[in-house]
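Shown next, in structure tokens, is the structure this report addresses.
Every value quoted in this text rests on a predicted model; they were computed, and no experiment measured them. Each chain gets a letter, A, B and so on, in the order its sequence line appears, and its residues count up from 1.
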Amino acid sequence: MATRILRRTGVSNEICERLKRREIESCKDLLSLTPVEVMNAAGLSYEKASVLLQSVSKAIAPPFTTALELWKQHSDSCFSTSLPALDKLLRGGLPRGTITEVTGPSGCGKTQMCLMLSVLATLPKSEGGLDSSVIYIDTESAFSAERLVEIARSRFPGYFSSKERVLQMAARVHLFRELTCQDVLNRLERLEEDIISTGAGLIILDSVASVVRKEFDTTLPGNLIHRSNLLSHEATTLKYLAHQFNIPVVLTNQITTHVGDQGSAVSAEVDSSFVTAALGNTWSHSVNTRLIVQYVDAHQRQILIAKSPVAPFAVLNYTIQKQGICIDVDTTRPRSVPVLG
Amino acid sequence: MLGYVSWRDVLKKLTLAVTMQRPVSSLPLSPGMKLKLVGAGFQSTADLILLKPLQLSKETGLSQQEALEVLQAVRKDGGGGEGSTSLTALELLQKEEETRSIITFSSQLDAALGGGLPVGKTTEICGAPGVGKTQLCLQLAVDVQVPQCFGGVGGQVIYIDTEGSFLLQRVIDVATAAVRHCSLLVEDDEQRAAMMTFTMETILSNIFLVRCHDYVELLAELHLLPDFLSDHPRTRLLVIDSVAFPFRRFDDLSQRTRLLQGLAQQLVAMATRHQVAVVITNQMTTRLQGNQSQLVPALGEGWGHAPTIRLLLQWAGSRRLASIFKSPGNVDATVQYRITSDGFRDADQSEQPQRKRPRTQTDQSASSQPDRRLLRCLSDV
């Protein structure tokens, strides 16, 4: 909306011409100026320049709504994860229109979670799904179609009893393999069209961290800022898509080890080093919900809700089995564990 | 203010001068003064409009008081009594006593702020991700609506969300808890009647929500807000959550500074002119100093001058702390708080380390009892 051309907002041709000479063509260009600069560029008096700014603002400002209207419209604002304990804590499931991040060490189950969510999204609403397609952007070539089918068959044996249903489900998961940062960015820029053409109800990006960490060596000067800018760009685009289409976005991230002392949600039991989600502090601000998966021992793993607008900090034990993620209902541990959000 | 005339004032005066010219003899002044004016060569009001009292008195031989009287007559005549008259500190004191603050439901934080977040001023809330900035904003969006007979402000709220963190389910929880809390405090008929209009649905209907995706939409929205505030005079709170996110990736830092300064000025103007409390959330950024990295509020040094009050929410081990680190009227203080299913609240009085556990029955019953400290805090305002 910000790139809307001034001519189409009802500004007179004469003023458009004058502004064009100063290379001011879109609403973004105009609103980035102070009122005095607008007066100069457009050759208008102060009052007229204010009126111009008002009318251009009206053209692109998003509309107001009230929380009550929002409540009436969105009866189902969550995407159930089919893990009842997790859904209960998250007050229904992964919230639509927001970014949920699953982060943790390698091999812990992040991709498994993504595959499981992909199957869920294709299920009809009566089975607890979104009855829609899935856009799966894979940067690590970790997607396995066979595993997807195995999860579907084992988790919902009744529904996926026939082969057609399985094939139908598989046809609804659209896979995009992007191996560099620029590719990922380009794909996100064009994703709007893909969402509309496939009728997608879930976007998965697995993983955000791998491409970024491959290409940006943050010990080199300037790279940190570039990386931050790239990630902000990705976050903004994903949030825009999530909000406009009211769908959940799930990303995976890696972890990084810090040596040193930094206060945070969970007290460190390991003495001086601790792990945090990778990609830095700015990225942590950008995600709305953060789930951390980690190992307890060789078999036991845990999901930690580290950042959520609705859920308290909580720890759930799980294992990975044929049907995907299985929460151990009786062993929810109350104590803090040494991983920080 | 001596010697300072903004170019806008000059423009306005010239416009007036051109449109309304009257002969000096028609002014409501004593004949002696009029004689001196005409004698000095002043024929019409247009000649007098840009003059100051000292210069006028020297040229005409009028005393300073008389010169001032002449100029005031001219100004009143032209219909141009413009905006800001000065206030005495006494008037301001009276005004401030009447102006209520928005309570946060954490009595310790309210006490440290002198009653709560002040209406008519800008407050910045910064903190690390996940520490509770949005939670505090949601709590304030509900608190601003608490009826006046309970010590609240009874106003509406505009919530500008740039990050997508406004989750309806959470607002419903906080609103329900606030309604429950107030209904336990009802003591007389007035409060009983007020509770009829303080329900979850009315609370939701008084929150005006808008989602801005980038800084241009945010700037456009701010241009339109003064009109919106005039149309909705009951608005007492404006929340921008967060102001940092749309400005994080900017190639031209000097343009960003300029835009932020303009934005800050607009917010301050809106706060004072329309009597709203402006609350903005900011993110933290890492600043590298040699080998050490430090978390500081984002958006640069210059931005720190804009808000009147700055709150920093941070972790200390597993505890959450709220620190006031800029406030003209209060001492810098740090209080502990926690986020419960009911919203933003005081930490437990006991010194036990915070145990992390999912919401259990005991938490619910504890928060449903009327909070005597809050009752006292409410009645003091």
Side-chain angles (χ1 to χ4, degrees), chain A residues 1-2 27-28 31-32 34 46 53-54 56-58 60-68 70-71 74 77-78 89 91-92 95 97-99 228-229 232-233 236 239-240 242-243 263-267 280-282 284-288 290 306-307 309-310 312-315 332 334-336 341, chain B residues 8 11 128-130 134-135 158-159 163-165 167-173 201 203-214 216-217 219-221 223-224 227-228 242 244-246 248-249 251 255 258-259 262 283-286 295 314-318 339 341 353 355-359:
Chain A
M1 279 295 248
C27 294
K28 179 177 175 180
L31 285 171
S32 304
T34 63
Y46 181 77
L53 279 172
Q54 285 278 311
V56 170
S57 298
K58 273 208 187 84
I60 73 166
F64 273 96
T65 175
T66 65
L68 191 65
L70 206 68
W71 188 48
H74 296 304
S77 59
C78 286
L89 287 168
R91 313 299 302 274
T98 64
I99 300 185
S228 270
N229 281 349
S232 293
H233 193 168
T236 314
K239 283 195 182 191
Y240 173 72
H243 180 245
S264 173
V266 187
S267 54
N281 175 57
T282 312
S284 301
H285 278 292
S286 304
V287 303
N288 298 105
R290 173 172 273 169
K307 177 182 178 187
V310 286
F313 295 119
V315 181
T332 304
R335 296 213 321 119
S336 49
Chain B
R8 275 181 68 183
L11 265 172
T134 304
Q135 299 299 310
I158 301 178
Y159 199 106
E163 293 181 326
S165 28
L167 277 194
L168 194 61
Q169 189 52 54
R170 187 60 180 148
V171 180
I172 292 178
D173 289 345
E201 280 90 7
I203 293 179
L204 289 185
S205 69
N206 283 328
I207 302 179
F208 298 105
L209 184 61
V210 70
R211 176 79 196 273
C212 292
H213 294 110
D214 55 42
V216 186
E217 288 188 3
L219 291 175
E221 205 60 66
H223 274 126
L224 301 176
D227 284 339
F228 189 92
S242 67
F245 184 69
R248 282 321 279 272
R249 67 171 191 103
D251 299 317
Q255 188 193 33
R258 222 172 7 90
L259 290 175
Q283 295 175 348
M284 302 296 271
T285 187
T286 326
L295 276 182
Q314 59 193 338
W315 299 107
S318 59
I339 312 278
S341 60
R355 291 208 302 138
K356 241 145 312 306
R357 58 188 192 282
R359 218 63 69 219

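Across every non-hydrogen atom of A/Ser32 and B/Arg258, the tightest pair is O-NH1, 3.9 Å. B/Glu221 and A/Pro62 get closest at one heavy-atom pair: OE1-O, 2.8 Å. Heavy atoms only, all atoms of each residue included: B/Leu224 and A/Ala61 are closest at CD1-CB, 3.5 Å.
Heavy atoms of A/Ser228 lying under 4.5 Å from chain B are absent altogether. In this structure, the portions of A/Asn229 lying under 4.5 Å from any heavy atom of chain B include both its backbone and its side chain. Neither the backbone nor the side chain of B/Thr134 comes within less than 4.5 Å of any heavy atom in chain A. Neither the backbone nor the side chain of B/Ile203 comes within less than 4.5 Å of any heavy atom in chain A. Looking at B/Ala244, neither its backbone nor its side chain comes within 4.5 Å of chain A, counting heavy atoms on both sides. Only the side chain of B/Phe228 has a heavy atom closer than 4.5 Å to any heavy atom of chain A. Contact annotation for B/Phe208: both backbone and side-chain heavy atoms come within less than 4.5 Å of a heavy atom of chain A.
Options A/Gly280, A/Ala242, A/Pro63, A/Gly97 differ in how many heavy-atom pairs under 4.5 Å they form with chain B, and the most are formed by A/Pro63. Note on B/Ile172, B/Thr286, B/Val210, B/Ile158: by heavy-atom pairs under 4.5 Å with chain A, the leading option is B/Val210. Annotation: maximal heavy-atom pairing with chain A below 4.5 Å, among B/Val171, B/Asn206, B/Ile207, B/Leu209, occurs at B/Leu209. Ranked by non-hydrogen atom pairs under 4.5 Å with chain B, the options A/Leu31, A/Val56, A/Thr65 are led by A/Thr65. With respect to chain A, the highest number of heavy-atom pairs below 4.5 Å among B/Gly164, B/Ser205, B/Gly130 belongs to B/Ser205.
A donor-acceptor contact shorter than 3.5 Å links the side chain of B/Gln135 to the backbone of A/Pro309. A donor-acceptor contact shorter than 3.5 Å is absent between the side chain of B/Glu163 and the backbone of A/Ser286. With hydrogens and angles ignored, the 3.5 Å screen pairs a side-chain donor or acceptor of A/His285 with a backbone N or O of B/Met284.
Within the model, atoms CG of B/Leu167 and CG of A/Asn288 stand 7.0 Å from one another, a figure rounded to the nearest 0.5 Å. Rounding to the nearest 0.5 angstrom, the gap separating the SG atom in A/Cys78 from the CG atom in B/Leu168 is 10.0 Å. We find the CZ-CZ distance between A/Phe64 and B/Arg211 to be 14.5 Å, quoted to the nearest 0.5 Å.
Counting only heavy atoms from C-beta outward, the side chains of B/Asp227 and A/Gln54 approach each other to under 4.5 Å.
The pair B/Asp214-A/Lys28 fails the salt-bridge criterion, with no side-chain N (NZ, NE, NH1 or NH2) lying under 4.0 Å from an Asp/Glu carboxylate O.
Between B/His213 and A/His243, the two ring planes are tilted [angle within 30° to 60°].
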